[in-house]
Amino acid sequence: QVQLVEFGGGLVQAGGSLRLSCAASGRIVSIYDMAWYRQAPGKQRELVATITSGGNTNYADSVKGRFAISRDNAKNAVYLQMNSLKPEDTAVYYCNAEVQEYYHGSPGHYWGQGTQVTVSS
């Protein structure tokens with residue numbers, strides 16, 4: 001069973017920065033795409049950023065130029081550096097990974113438990 005564990009959420013003032021981390025563990029052969037999503041109260045979960053195993057990235061328009069996704073393949077980890085935070089960035093942030101496990105025929109998608117990010121005005 002693959003587990004994703006997130007770290008780094010918290011309370012920050014507008015204009016501040018936070019760095020989220022997410023590490024995968026389990027019987028992992030390889031990890032393909034990794035991503036960060038977020039869900040604000042009363043809203044649907046939305047995609048924030050993605051990164052392929054080769055390092056190609058994509059961002060939601062609302063975070064372009066402020067957030068940066070990166071990964072460390074040796075550590076099975078993905079990170080989200082969030083700068084110039086705004087109150088509208090307040091949400092629970094989830095990491096997601098497409099993982100090929102040992103003894104499984106095809107890769108599966110796994111989610112972390114979520115970490116709260118609150119930006120005060």
Side-chain angles (χ1 to χ4, degrees):
Q1 185 75 12
V2 172
Q3 288 188 323
L4 301 181
V5 180
E6 296 127 339
F7 304 93
L11 174 64
V12 65
Q13 288 189 330
S17 298
L18 281 175
R19 186 175 188 249
L20 306 182
S21 302
C22 172
S25 62
R27 298 182 299 181
I28 296 170
V29 174
S30 58
I31 301 179
Y32 302 109
D33 291 354
M34 303 184 84
W36 288 95
Y37 288 73
R38 66 186 181 187
Q39 187 167 19
K43 294 188 176 181
Q44 289 188 328
R45 190 172 296 188
E46 64 173 355
L47 179 64
V48 175
T50 63
I51 185 167
T52 67
S53 57
N56 293 319
T57 59
N58 274 294
Y59 298 92
D61 287 343
S62 59
V63 306
K64 280 181 182 176
R66 300 188 298 121
F67 290 11
I69 189 172
S70 60
R71 63 190 285 172
D72 184 333
N73 291 330
K75 295 182 178 179
N76 291 332
V78 62
Y79 310 97
L80 186 68
Q81 178 66 43
M82 304 184 293
N83 300 324
S84 302
L85 282 161
K86 304 175 181 179
E88 52 263 43
D89 294 318
T90 295
V92 178
Y93 284 70
Y94 299 90
C95 66
N96 176 274
E98 183 182 14
V99 180
Q100 179 64 60
E101 293 179 81
Y102 284 102
Y103 313 120
H104 283 232
S106 57
H109 282 270
Y110 295 89
W111 292 91
Q113 81 284 0
T115 185
Q116 177 70 47
V117 171
T118 302
V119 184
S120 63
S121 56

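Numbers for residues simply follow the sequence, beginning at 1.
The structure places NZ of Lys86 at 14.0 Å from OG of Ser121, a figure rounded to the nearest 0.5 Å. Atom CG of Asp89 is separated from atom CZ of Arg66 by 4.0 Å, given to the nearest 0.5 angstrom. Note that CD1 of Ile69 is 11.5 Å distant from CG of Asn56, once rounded to the nearest 0.5 Å. Between atom CE of residue Met34 and atom CG of residue Asp72 there is a gap of 10.0 Å, rounded to the nearest 0.5 Å.
When side chains are defined from C-beta on, Ile31 counts as touching Arg71, because their heavy atoms get closer than 4.5 Å. For the pair Val99 and Tyr32, the minimum side-chain heavy-atom distance is 4.5 Å or more. Between Val117 and Val119 there is a side-chain heavy-atom pair separated by less than 4.5 Å. The shortest side-chain heavy-atom distance between Glu6 and Trp111 does not fall under the 4.5 Å cut-off. Counting heavy atoms from C-beta on, the side chains of Tyr110 and Glu101 come closer than 4.5 Å.
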task: List the steps, then state whether side-chain contact (heavy atoms from CB on, under 4.5 Å) holds for Phe67 with Leu18.
output: CA-CA 10 Å; Phe67 290 11; Leu18 281 175; over 6 Å; no
- request: For Leu20 and Thr115, run side-chain contact (heavy atoms from CB on, under 4.5 Å): C-alpha distance rounded to whole Å, both residues' side-chain angles, the deciding distance at 0.1 Å, then the answer.
  value: CA-CA 8 Å; Leu20 306 182; Thr115 185; 4.0 Å; yes
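For residues 71-121, the disulfide (SG to SG under 2.5 Å) pairs, not counting sequence neighbours, are Cys22-Cys95.
For the 3.5 Å distance criterion, the side chains of Gln44 and Tyr37 fail to qualify, holding no donor opposite an acceptor. For Gln116 and Thr118, the side-chain atoms include at least one donor-acceptor pair closer than 3.5 Å. A donor-acceptor contact under 3.5 angstrom links the side chains of Tyr93 and Arg38, judged on distance only.
Scanning all heavy atoms of the two residues, the minimum distance from Gly112 to Tyr94 falls at O-CD2, 3.7 Å. Across all non-hydrogen atoms, the minimal contact from Tyr103 to Arg27 is CD1-NH1, 4.0 Å. Between Ala97 and Leu4, the shortest heavy-atom distance links the atoms N-CD1, 3.8 Å. What you find for Ala14 and Pro87 is that their closest heavy atoms are CB-CD, 4.1 Å. In this structure, Asn96 and His109 approach most closely via the heavy-atom pair OD1-ND1, 3.4 Å. Closest approach of Asp33 and Ser53 over heavy atoms only: OD1-N, 4.4 Å.
Salt bridge status for Lys64 with Asp61: present, with a side-chain N to carboxylate O gap under 4.0 Å.
For Gln39, the CD atom counts as densely surrounded, since its 6.0 Å shell holds more than 12 non-hydrogen atoms of other residues, nucleotides or ligands.
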Which donor-acceptor pairs under 3.5 Å do the side chains of residues 74-84 make with protein atoms, sequence neighbours left out?
unit_1, atom_1, unit_2, atom_2, d
Gln81, NE2, Asn83, OD1, 2.9
Asn83, OD1, Ser17, OG, 2.9

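By the rule that hydrophobic residues join a cluster once side-chain heavy atoms approach within less than 4.5 Å of another member, Ile51 and Tyr59 end up as members of one cluster. Under the 4.5 Å side-chain contact rule for hydrophobic residues, Val12 and Trp36 share a cluster.
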